[in-house]
Amino acid sequence: MTADALLAQAVRGWLADFVDNTYLNAQEASADGYESTRWDQLRDLGWHAVTIPDHLGGGDATLAEACVVAREIGRAAYASPLLATMRATVVASGGAGYFDALVARIAAGAPATLVAPPDRTVTATPVAGGFRLAGEPVVVEWAEVATEVVLLVPAGGDWVVGVLGRDALDGRVSAVPSVDNERIARVALHGAVVREAVTVPASAARLALAGANLLRASLMVGGCADVLERTARYATERVQFGRPIGGFQAVRHHLARMVIATDAARLMVDDALERLAEPAVAEVASFTAARSYVELVLTSAQVHGAVGTTTEHVLHHHFRRAKAMRSRTGTRALRLRELHDALVVHGEASQW
Amino acid sequence: MKAEHLEFLGELRAYLDALDPDLVAATRAEHIADAMQPRVNGRRFLARLGADGWLGVSWPAEYGGQGRGPVEQWLFAEELCDRRLPNGLLTLNAIGPTLMAVGTDEQKAEFLPRIIAGELEFAIGYSEPDAGSDLAALRTRARPDGDAYVIDGQKIWTTGATVATHLWLAARTGEQADRHRGISMFILPMDAPGIEITPILTQGGEQTNTVFLDNVRVPAGARIGAENEGWRVLTTALNYERMFYHNEPRWELRQLRDWAASAGLLDDPVVAETMGELAVDVEICRLFAQRGAQMLADGQVPYAEASANKVWWSELRQRICDTGLDLIGEAGTVAGPTGPAHGHLEHGLRSSPVWRFGGGTNEIQLDIIAQRGLGMPR
């Protein structure tokens, strides 16, 4: 077994011990949205800090391995600050050592989150002692829980990587209900000043975002895989008109389309992880994984019929997570325009 | 992709770039007009590649090939697709490897050297008027007669029959009720007495044919594989054929891009949003083909994976032509080279139905994915 397969097995085993639909429902209804004791276990296992260098207290492994963890989390539809923490880590690690202290705190177990509005709705301007932010309020995952808030926004031609101290966020964070079982807050950043920040070129910001988005894409690939497996199993078990519904060609074709969409997402993410120097590939992967996950849950709901719509079936978590995760990648039209610019106009992401 | 694969791609491109530009241009025009039957220039082009040792990239050295792997073979096909040039199609990529797997030493010696030299072109004789997707219902009969067979019947949709040197024929040697257990495979020279070809013109401008077989006599040595065991030979060839879907969609998207650039619409948001998604799907097409090649390189046989590739490829080509014409609007009613995108998109749309049902209908491919891939019941 490869190291990746062993890691996947370990994460899946850990999750299987306690995550099922009843658990997910209970956590979603709870005050915090997750169990901090489980977070402590995650921290002890080191799965929140896979990519953090050894000397800062992390696992010293690759983004591909962090994506293995994300995929298993996505498969289980498990909500926690993990994805936000890993995304924040990727961006903070792009600051050329400037944020080492913060990264070390994350490695020690501090939950983190990332403010990087996908549609660039927040911008930064240099002022004395830092950068002043401008823009509409943004939605941030786990903003109330995160003790470390990393920021990545454009500032003129360059970008700013910064850390928002809790004092800077005071009075600016208000929890809002989420479409899915993750926790979110609306954060009003207009006028806030970021004191701990560095500028990075747009190319570096693009690479950092590509890495962070690959983590979410991997989580969605895991979601696709779980939805597909559950739906295929249901189609062999559910009997109508005297035979399993998977024996009906119309249902088989639904399932085949789900296989194609799942394969497309997984292959694209794997390709992106092999070509990390080419952010366009990761951008294609992010788009593809989101599109596939939504397609999967819509078709799965159709194959399951009424039973798939109940809160007693885990599909309701996947269903809402698929759309929420896609929405977190920003406006579909803007992503497509960027992809057009990269792939069609500039010929990125391909050998041809 | 590994460094060695990129290096191979570089070598191939350098070779293709250095070919006689007149030959390349003439071949491309012919190929774009009708990709399924290499004619005067296509034959010259393939003979050139054969003479230069560039056909049979993945064929073993003992058969005159380069002895490289399936990934290089995929890159070869992908690169030629990208340039809209013929890549040897089924003759080189399905018939040749099938003969290597199941042919006798005499058959290999007779056909393989001439296939890899680019001298031979096979037409595929599977479909009949009453045996399309249900191929096991075919009725063309081969009767043993001494040390020969006498063949009678009718084939249809035999694309390339008028330019082919040989016919790869499925015929019934057993009982009709035996279905796939009563079929044998044969190779017939196209000029054998008793073969008559009637052309059928399609809406895409491509020609296909009906082939009538009237008392066609072939020696027993023309049978490929054992008598009544032709189904295995046929499915072997079909498995190779189903891997043969490469990135024509990328070429078609490029025609659309060139139209948008010439119309000054490359930055138009609606154009950009439409083409952005098509470009994503083109990259996915690349990965589906690459996966199949990699599986073959790893000693696995892609079934459901080949089907996914075929479905994606065919639907994407059609979608690019269809939505491309939607972007173009009224001007898209102008047909041919003077029309927008030089008429490639309207031509593609006219040709596109064949892509979705040819080589096994997409509905059958989806069943293969669900049944072989996911274990769904029949």
Side-chain angles (χ1 to χ4, degrees), chain A residues 228-229 231-233 235-236 243-272 274-275 280-281 283-288 291-292 331-345 347-352, chain B residues 1-2 5-6 9 13 75 78-79 81-83 247 250-251 253-254 256-257 260-261 266-288 290-291 304-305 307-309 311-312 315 362-371 373-378:
Chain A
L228 173 61
E229 283 167 25
T231 313
R233 195 161 57 238
T236 57
R243 56 175 165 152
I245 60 170
F248 293 101
Q249 197 174 44
V251 175
R252 283 205 298 271
H253 288 188
H254 276 320
L255 286 162
R257 296 284 176 188
M258 293 170 72
V259 170
I260 292 173
T262 302
D263 286 359
R266 192 185 59 246
L267 290 169
M268 211 69 240
V269 169
D270 288 350
D271 195 43
E274 281 183 11
R275 301 164 65 189
V281 188
E283 287 154 10
V284 174
S286 177
F287 178 86
T288 304
R291 184 178 66 176
S292 291
T331 313
R332 191 174 192 277
L334 292 181
R335 292 300 80 74
L336 285 172
R337 287 182 214 173
E338 290 162 4
L339 288 164
H340 167 79
D341 189 61
L343 272 57
V344 179
V345 179
E348 296 179 42
S350 176
Q351 302 296 341
W352 282 272
Chain B
M1 237 187 298
K2 297 189 181 118
H5 297 142
L6 293 174
L9 192 57
R13 284 174 175 165
L75 287 169
E78 190 94 352
E79 180 67 22
C81 278
D82 194 56
R83 294 172 187 238
N247 236 327
R250 187 186 303 284
W251 183 85
L253 184 61
R254 197 175 298 138
L256 182 57
R257 182 200 65 190
L266 212 46
D267 295 330
D268 176 85
V270 173
V271 170
E273 287 158 29
T274 305
M275 290 184 69
E277 188 159 12
L278 294 173
V280 167
D281 291 336
V282 164
E283 295 311 320
I284 293 168
C285 190
R286 165 177 64 85
L287 291 179
F288 277 141
Q290 185 179 347
R291 171 175 64 171
E305 296 83 1
S307 295
N309 185 9
V311 170
W312 193 269
E315 294 182 350
N362 283 8
E363 288 70 22
I364 287 176
Q365 308 303 330
L366 292 171
D367 269 350
I368 291 171
I369 295 167
Q371 288 167 340
L374 279 185
M376 285 303 119
R378 291 189 173 276

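Order of the sequence lines sets the chain letters (A, B, ...), proteins ahead of strands, with each chain counted from 1. Computation of the quantities below employed the complete heavy-atom set of this structure, encompassing side-chain atoms and omitting hydrogens, waters and symmetry-equivalent molecules.
Of the N and O atoms on the side chains of A/S350 and B/R250, at least one donor lies less than 3.5 Å from an acceptor on the other residue.
Partners of B/E305 by side chain to side chain donor-acceptor pair (under 3.5 Å), not counting sequence neighbours: none found. In this structure A/R275 satisfies the salt bridge (Lys or Arg N to Asp or Glu O under 4.0 Å) test together with A/D271, A/E278, sequence neighbours excluded.
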Review point. So A/L267 and B/F288, side chain to side chain contact (heavy atoms under 4.5 Å, CB included) or not? Walk me through it.
Key: CA-CA 8 Å; A/L267 290 169; B/F288 277 141; 3.6 Å; yes

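Neither the backbone nor the side chain of B/I368 comes within contact range of chain A, judged by heavy atoms closer than 4.5 Å. Contacts of B/V270 with chain A are absent, with no heavy-atom separation under 4.5 Å from either backbone or side chain. For chain A, the nearby parts of B/D367 are the backbone and the side chain; heavy atoms of each come within less than 4.5 Å. In this structure, the portions of A/Q351 lying under 4.5 Å from any heavy atom of chain B include both its backbone and its side chain. In this structure, the portions of B/E78 lying under 4.5 Å from any heavy atom of chain A include both its backbone and its side chain. Contacts of B/R378 with chain A are made by backbone atoms alone, with heavy-atom separations under 4.5 Å and no side-chain atom involved. Interface remark: B/L6 contributes side-chain atoms only to the contact with chain A (heavy atom separation under 4.5 Å). Proximity to chain B (any heavy atom under 4.5 Å) is shown, for A/L334, by neither the backbone nor the side chain.
The candidate from B/R254, B/E277, B/R257 with the greatest count of non-hydrogen atom pairs under 4.5 Å with chain A is B/E277. Options A/D341, A/V345, A/D270, A/V259 differ in how many heavy-atom pairs under 4.5 Å they form with chain B, and the most are formed by A/V259. The residue among A/T288, A/T236, A/I260, A/V284 with the most heavy atom pairs within less than 4.5 Å of chain B is A/I260. Annotation: maximal heavy-atom pairing with chain A below 4.5 Å, among B/R13, B/M1, B/Q365, occurs at B/R13.
Checking side-chain atoms of A/H340 against main-chain N and O of B/L266 turns up a donor-acceptor pair under 3.5 Å. Between the side chain of B/R291 and the backbone N or O of A/D263 there is no donor-acceptor pair closer than 3.5 Å.
To the nearest 0.5 Å, atoms CG (B/L256) and CG (B/L278) are separated by 7.0 Å.
A 4.5 Å side-chain heavy-atom check between A/R332 and A/R291 finds at least one atom pair inside the cut-off.
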